[in-house]
Number of protein chains: 2
Amino acid sequence: MTNEDGIGRPAMLRERLGSVGGHMTRRRAAVYRFLRGAWPHPTAEEIYLGVKEELPRISLATVYKNLEALVNCGLAVKVPAGDGAARYDLRTDHHYHSRCLQCGTMIDLEPAAEEILRNMVKAPSGFEVSHYRVEVLGCCEECGKR
Amino acid sequence: MTNEDGIGRPAMLRERLGSVGGHMTRRRAAVYRFLRGAWPHPTAEEIYLGVKEELPRISLATVYKNLEALVNCGLAVKVPAGDGAARYDLRTDHHYHSRCLQCGTMIDLEPAAEEILRNMVKAPSGFEVSHYRVEVLGCCEECGKR
DNA sequence: TCAAAAGCAATAACTGTTGTTGTTTTAATC
DNA sequence: GATTAAAACAACAACAGTTATTGCTTTTGA
């Protein structure tokens, strides 16, 4: 994929981890690499199975811990799916997702203007808005064919 | 609350349940009654504890089953919270919620025009939109004071 | 009143996730 | 390059929220 954009350099991962007091390890690098190479929005389980092909001795708990580390240092985001397993995403710029109610597939949406949201839904008085979450639920193309 | 609007009549519950092949039982009525009388958006656990004061022998699993029955017959909606326990709501007209990231409190938002959403976020091609989900995340008034 | 259908409590089990343990690896310093 | 403290590791155990299973009880509808 994008190996020359800086984001992909191993040094990037090391640097980011270092900035939050984290170490760079072989497993962590593998989780990160998988996240970069895989289809978008894999679940922790899927990441585990993928990384396992390279490092057969890795455990699911370790994958969870490493994903947490990546989220903490800002290299990934965790996207809770409402029902079922959360999904992980390398993109960290703010955007929304569509989610297939049958297979759970998530697809990125173009980032929406928060200004529109702010006007559209009025928060209760005294409520300090941190961010919005928008999801488009429905049936993806694949599932629609069946 | 609204005891004269028809929605609150016991007959309403019986009728709705009957229409989907469900029975009217003392526990089910108690769960429903609690949901009507309680604060908005309680969790299954909270409902369990509340109903338990009236029916001490009820179990959490029964509460879940009864909530499921109420959701199935359209009298309640289940609102997954992303993280933590789902919450239940008697209102069935379509609307959105704000959610406090500290205490989990949910507050109804005025229903937003779906048309705006449709224009704002464009679903991927081939994706058949079932509905939208909008959440305002942040800090509620109570938590903000601390 | 009576049989069939559904609900019930009490579990056990399940999924997704996090905490704990003692051991190994890493990065920073010498 | 050797040393050492901090962190990550595997292998669990445990957790929360939820669902499935069981054999018994209640409700419904005839």
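A note on names: the letters A, B, ... follow the listed sequences, proteins ahead of strands, and every chain is numbered from 1. If you're wondering where the values come from, they're calculated on a predicted model, not measured in any experiment.
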Q | Per-nucleotide protein contact string for nucleotides 23-30 of chain D (B base, S sugar-phosphate only, - none; heavy atom under 4.0 Å) | A | ----SS--
Q) Would you say B:R33's side chain and B:V51's backbone share a donor-acceptor pair under 3.5 angstrom? A) no
Q) Between C:dC14 atom P and A:E45 atom CD, what is the distance in whole Å? A) 15 Å
Q.
Tell me whether B:I116 shares a hydrophobic cluster with A:Y132, the cluster being built from Ile, Leu, Val, Met, Phe, Trp, Tyr side chains joined at under 4.5 Å.
A. yes
Q. Between B:E68 and B:K78, does at least one N-O distance fall below 4.0 Å, as a salt bridge requires?
A. no
Q.
Any side-chain to backbone donor/acceptor pair from B:R99 onto B:A81? Under 3.5 Å, distance only.
A. yes
Q. What pair of heavy atoms forms the shortest contact from A:E135 to A:M106, and how long is it?
A. OE2-CE, 4.1 Å
Q | B:H97 side chain reached by B:D89 side chain, heavy atoms, under 4.5 Å | A | yes
Q.
Starting from B:Y96, can I reach B:I107 by hopping between I/L/V/M/F/W/Y residues whose side chains sit under 4.5 Å apart?
A. no
Q | Integer-rounded Å distance: D:dG17 P and B:R87 CZ | A | 10 Å
Q. Among residues 59-67 of chain A, which residues get a heavy atom nearer than 4.0 Å to DNA chain C?
A. A:L60, A:A61, A:Y64, A:K65
Q | Side chains of B:E142 and B:T105 in contact at under 4.5 Å (non-hydrogen atoms) | A | no
Q.
Rounding to an integer number of Å, can you tell me how far A:L49 CG sits from C:dT15 P?
A. 14 Å
Q: Residues of residues 51-58 of chain A with any non-hydrogen atom less than 4.0 angstrom from an atom of DNA chain D: list those, numerically ordered, please.
A: A:R57, A:I58
Q) Do you know which two heavy atoms are closest between A:E45 and A:L60, and how far apart they sit? A) OE1-CD2, 4.0 Å
Q) Does OP1 or OP2 of D:dC9 have a side-chain N or O of A:R28 closer than 4.0 Å? A) yes
Q) Where do B:E141 and A:S125 come nearest, in terms of heavy atoms and distance? A) OE1-O, 3.6 Å
Q) Between CD of B:E128 and OG of A:S98, what distance do you get to the nearest 0.5 Å? A) 13.0 Å
Q: Please state how far atom OH in B:Y48 lies from atom P in C:dC8, giving the value in whole angstrom units.
A: 14 Å
